[in-house]
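To start, the structure under review is shown below, and the notes come after it.
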2 protein chains.
Amino acid sequence: MVEPKSTRQKSKTQDQHIYEEIFDAILEQRLWPGTRLKEESLGEIFGVSRTIIRRTLSRLAHERVAVFEPNRGAFVAEPDVSDARQILDARRLMELAIVEKVAERASSIKSEFKKLYELIEQEHKSSAAADKGTAIRLSGEFHLQLARLSGNKPLEGFLHSLVPQTSLIIALYQSKEGSRCAIDEHSRLLDALKLGDAALAKRLMGEHLDHIEDRLALDESAGNRNLAKVFGRRVDKAGA
Amino acid sequence: MVEPKSTRQKSKTQDQHIYEEIFDAILEQRLWPGTRLKEESLGEIFGVSRTIIRRTLSRLAHERVAVFEPNRGAFVAEPDVSDARQILDARRLMELAIVEKVAERASSIKSEFKKLYELIEQEHKSSAAADKGTAIRLSGEFHLQLARLSGNKPLEGFLHSLVPQTSLIIALYQSKEGSRCAIDEHSRLLDALKLGDAALAKRLMGEHLDHIEDRLALDESAGNRNLAKVFGRRVDKAGA
DNA sequence: TACTGATGAATTGTATACAATCTATTAATC
DNA sequence: GATTAATAGATTGTATACAATTCATCAGTA
């Protein structure tokens, strides 16, 4: 079993792998807002040079999941209250449009729904196993899969950046713990979609998003959660 | 007057400048879909190394304005008919949402409208001067400015990638020449927005987009316009 | 002539070297 | 002791070197 001599052939998938690893870490809230993303450390972790890491970080930065501070490097984004409102607002707009499109296409994508039910099944399992990180990530993936079924790639791409940003917002501003009813909401939403009931699906999605937002404390004072910003200091939350 | 010793200080603006130069060239349809974007050539043109060019190209690729073909380099994107429909569909969704938001905020952003009227004025001028490229670009910028006034940065960013993509679609699929009524449409739209008449503004925006799409030939056979793809060949449309 | 295969130039993909900048530590001054 | 200045170490930003791949040219063959 000879290793491929070329280091380039894997490049595309290698890139994608590193990206997804960081992406998932953010979805699962293992990577906290404000965490420093040191290039050399990441390079060692994934066994590539800074060149590759830099490309990944720049992709994350473009999706507003990370931010570059000039000469200081990349950090996991910390959306402030105003950012959060805009992100959630944009996401609602997108999700409702997506749900409508999926409902319209319901009859022609029947086979795809099966996968989504399986995803919900997994959500249940990890929720039951108290594997919170995985449960959160799967929840996000449910929404991403829905976006894919909309059949509109630009929309899918846009939601792909809004979902992890939402994850960061939840990390920063969630006040009440999420009752896991969200999973049942997914499943009822999917039922409505399969029947092609756009109106019901949109209502359910709207309520689903309401519930997520209800758990957040997005009043201005909530900004105080971000102590570093309040005191104008910079804190590296991950050194290694 | 001493030059700044550092080559890094300008980096952020330098980057932005190169990006905008290419962005504008695409908006003005000086850069045609399928054009090869050779790294070294661009580097020489802008006096920077491939590193910087590569970053710019990767940004354009992320916005789907350029595409990377592995080991072959970057090319100006050539959205096919299916892509085009999805892009236009997404854009309609965005533009209507944006118009609604701007109408809602009309009273609190009165001073901003002035700039937009000036932009329309410029559009008139370049149109009168038969400066088609500039006219097209300014038309795109009008929509981008509107997006900015929506007060939603994610939406603004998303439209920022949809506008040049629309430009590529027009380049590829426009069958009838655009009557320059579009400028008057901008101006009537702006009137409605200033009055905060969301319903009217949305109707006008919808019609505006209809008119753009009316001039396109997006039936399946339209794909034949892209001869290179029909014959499975690759053609470099710009060598230098 | 048309087709295949080999050779070399051109171009991309990645790693690395080096310069600019920032950060932390220590020394110096009041 | 607190504040500022200076220095060394760490990290980012850019250019460049080198390897891998593609592309064009041109023999060779039927």
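So that the names make sense, note that chain A is the first sequence line, chain B the second, and so on, each numbered from 1.
- Dashed line: the shortest gap from a side-chain N or O of B:S49 to OP1 or OP2 of D:dA15 is under 4.0 Å.
- Rounded to an integer number of Å, the gap from A:E40 CD to D:dT12 P is 8 Å.
- What separates CZ of B:F68 from P of C:dT14 is a distance of 10 Å, to the nearest Å.
- In this structure, B:R36 does not reach the C:dT11 phosphate: none of its side-chain N or O atoms is under 4.0 Å from OP1 or OP2.
- The residue among B:E39 and A:V48 whose nearest nucleotide of DNA chain C is located toward the 5' end is B:E39.
- Nucleotides of DNA chain C nearest to A:R55 and A:P70 differ in position, and the one nearer the 5' end is that of A:R55.
- Nucleotide C:dT11 holds its P atom 14 Å from the CG atom of B:L37, rounded to whole Å.
- Using the six-membered ring where Trp is involved, A:H186 and A:H143 have ring planes that are perpendicular, over 60° apart on the 30 and 60° scheme.
- In this model, the phosphate group of C:dA15 is not approached by any side-chain N or O of A:R50 to a distance below 4.0 Å at OP1 or OP2.
- The nearest heavy atom of DNA chain D to A:G73 and to A:T51 marks one nucleotide each, and the one closer to the 5' end goes with A:G73.
- Listed for the B:T56 side chain is a donor-acceptor partner under 3.5 Å among the backbone atoms of B:I52.
- Contacts of B:R64 classified as side chain to side chain donor-acceptor pair (under 3.5 Å), with partners at least two apart in sequence or in another chain: none.
- The nearest whole Å value for the distance from the CD atom in A:E44 to the C1' atom in C:dA15 is 14 Å.
- When the side-chain nitrogen and oxygen atoms of A:K38 are compared with OP1 and OP2 of D:dT12, none of them lie within a distance under 4.0 Å.
- You'll find the side chain of A:D131 stays beyond 4.5 Å of the side chain of A:K125, heavy atoms only.
- One finds a side-chain N or O of A:R72 lying less than 4.0 angstrom from the OP1 or OP2 phosphate oxygen of C:dT23.
- Rounded to whole angstrom, the span from the CG atom of A:N71 across to the C1' atom of D:dT14 amounts to 12 Å.
- What separates CD1 of A:I53 from P of C:dA15 is a distance of 9 Å, to the nearest Å.
- Taking atom CZ of residue A:F75 and atom P of nucleotide C:dC22, one finds them 13 Å apart after rounding to whole Å.
- Checked against ring pair (Phe, Tyr, Trp, His ring centres under 6.0 Å), A:Y19 has the following partners two or more places apart in sequence or in another chain: A:F23.
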